[in-house]
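Here the structure is laid out as structure tokens; the discussion comes afterwards.
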Amino acid sequence: MNKFKVRTYRAIDEPSLNEDYIQQHANVLKDYGVSMITSFKQAWMNNPNVQCIVAYNEDDVMVGGIRIQISDWKNPLPMEIAIAKLDERIFDLVKKYKEEGVGELCGLWNSKSVQGIGISYILTRAAVSIVNQLDFNILMGICAEYSLKMFKDVGFEIDTSLSNNGEFPYPTKEYITRVVGILKSTTLEHAAPYDREKILNLRKEPQQNRVEHGKKGEFMINYDLIIKK
């Protein structure tokens with residue numbers, strides 16, 4: 001049975017892990033013919049409101065990652081930068097939720113070595129599970145067509161107020177991207193029962209070993225999702 005570790009850390013506390021995250025993510029993008037934007041990495045590496053969740057294989061090689069960025073009054077969310085070029089009302093939408101706390105789930109990637117195992121689901125559930133430790137309520141994001149089911153399974157809903165009923169041609173006109181959000185990240189009332197149970201279990205016990213099930217069978221995850229204060 002394959003074994004993996006999933007950890008969380010605050011970006012500004014672990015510069016060396018950020019470099020590994022960036023390099024491994026860049027390797028994945030290169031496999032798909034996409035070049036990494038160097039200015040982009042600095043935006044989150046030095047932001048105290050960015051929390052990273054990463055996965056390692058048995059050889060301690062980072063094989064996946066995802067980030068949560070909490071909105072403040074100084075740094076725009078990645079989705080604001082991306083979507084504003086197509087619909088500036090994204091700024092008003094984020095501002096609407098700032099008083100009760102809003103963050104973005106972003107930067108999801110996994111290496112080809114774990115493709116199809118289910119690491120993206122693991123990272124996404126893990127990220128949603130730590131929202132209660134970060135003390136904000138509204139979680140937003142943008143997702144492509146191929147990841148829409150996964151986002152819906154963990155409780156996201158499509159926001160139809162922007163662009164063409166919530167659909168954007170991004171990053172190019174060949175792709176459809178949607179703005180999504182979990183408006184009640186504490187209760188997860190719109191999540192699929194299977195995913196909701198797993199997320200709430202991680203909130204109850206953020207350090208645990210658990211057998212997970214994916215398209216390629218069972219695998220073991222060692223979770224350590226306690227955020228250091």
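Note that this is a predicted model, so its numbers are computed, not measured. Along the sequence shown, the residues carry numbers beginning at 1.
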Hydrophobic cluster identity match, I66 and I130, side-chain contacts under 4.5 Å:
yes
Would you check if there is a donor-acceptor pair between the side chains of N27 and Q23 at a distance under 3.5 Å?
yes
Distance-minimising heavy-atom pair for C143 and L148:
SG-CD1, 3.7 Å
Among the clusters formed by ILVMFWY side chains lying less than 4.5 Å apart, do L200 and V131 turn up in the same one?
yes
Taking atom OH of Y194 as the centre, report whether more than 12 heavy atoms of other residues, nucleotides or ligands fall under 6.0 Å from it.
yes
Transitive ILVMFWY cluster of I81, excluding itself - 4.5 Å side-chain cut-off:
none
Student check: side-chain heavy atoms of R178 and T160 closer than 4.5 Å
no
Between the CZ atom in R10 and the CG atom in N49, the distance rounded to the nearest 0.5 Å is 8.5 Å
Check this for me: does any side-chain nitrogen of one of R67 and E104 sit under 4.0 Å from a carboxylate oxygen of the other?
no
Between L108 and I22, is there shared hydrophobic-cluster membership here, with clusters defined by ILVMFWY side-chain heavy atoms closer than 4.5 Å?
no
Any chance NZ of K98 has more than 12 other-residue heavy atoms, nucleotides or ligands included, within less than 6.0 Å?
yes
Run the numbers on K152 and I158 for side-chain contact (heavy atoms from CB on, under 4.5 Å), then give the verdict.
CA-CA 8 Å; K152 284 185 172 181; I158 299 172; 4.1 Å; yes
Of all heavy-atom pairs between F4 and N57, which one has the smallest distance, and what is that distance?
CD2-CA, 3.7 Å
Return yes if a side-chain donor-acceptor contact under 3.5 Å exists between Q24 and S111, otherwise no.
no
Can you tell if the side chain of D13 reaches within under 4.5 Å of the side chain of K228, non-hydrogen atoms only?
no
Looking at C52 and W44, what are the two nearest heavy atoms and their distance?
SG-CZ3, 3.6 Å
Note: F219 and I117 closest approach over all heavy atoms is CE2-O, 3.4 Å
With side chain to side chain donor-acceptor pair (under 3.5 Å) as the rule and sequence neighbours excluded, what pairs involving residues 118-130 come up?
N110-S120, Y121-D153, R125-D195
How far does CD1 of I142 sit from CG of D159, to the nearest 0.5 angstrom?
13.0 Å
Return the minimal non-hydrogen interatomic distance between A127 and I68, and the atom names on each side.
O-CD1, 3.3 Å
Given the rule that I, L, V, M, F, W and Y join up when any side-chain heavy atoms are under 4.5 Å apart, are L139 and I122 in one cluster?
yes
Non-hydrogen side-chain atoms of I90 and K85 separated by less than 4.5 Å:
no
Just wondering, do D60 and K5 contact through their side chains at under 4.5 Å, heavy atoms?
yes
dist E189:CD -> R196:CZ (nearest 0.5 Å) comes out at 8.5 Å
Check the pair M140, Y97 against side-chain contact (heavy atoms from CB on, under 4.5 Å), reporting the backbone distance first and the verdict last.
CA-CA 10 Å; M140 302 181 69; Y97 297 124; 4.1 Å; yes
Which is it for R210 and L202 under the side-chain contact (heavy atoms from CB on, under 4.5 Å) test, yes or no, and what are the steps along the way?
CA-CA 10 Å; R210 188 164 78 187; L202 285 172; 3.7 Å; yes
Using every non-hydrogen atom in the two residues, find where Q69 and P78 come nearest and quote the distance to one decimal.
OE1-CD, 3.6 Å
Other residues, nucleotides, ligands: >12 heavy atoms within 6.0 Å of N209 CG:
yes
Value rounded to 0.5 Å, distance of CG in N18 from CD1 in I12
10.0 Å
Any salt bridge linking R89 with D87? Criterion: basic side-chain nitrogen under 4.0 Å from a carboxylate oxygen.
yes
Mind checking the CD-CD1 spacing from E218 to I221? Nearest 0.5 Å is all I need.
12.0 Å
Distance, nearest 0.5 Å, that separates CD of E14 from CG of D20
11.5 Å
Tell me whether I53 shares a hydrophobic cluster with M150, the cluster being built from Ile, Leu, Val, Met, Phe, Trp, Tyr side chains joined at under 4.5 Å.
yes
Within a reach of under 6.0 Å around CD of Q208, are more than 12 heavy atoms found that belong to other residues, nucleotides or ligands?
yes
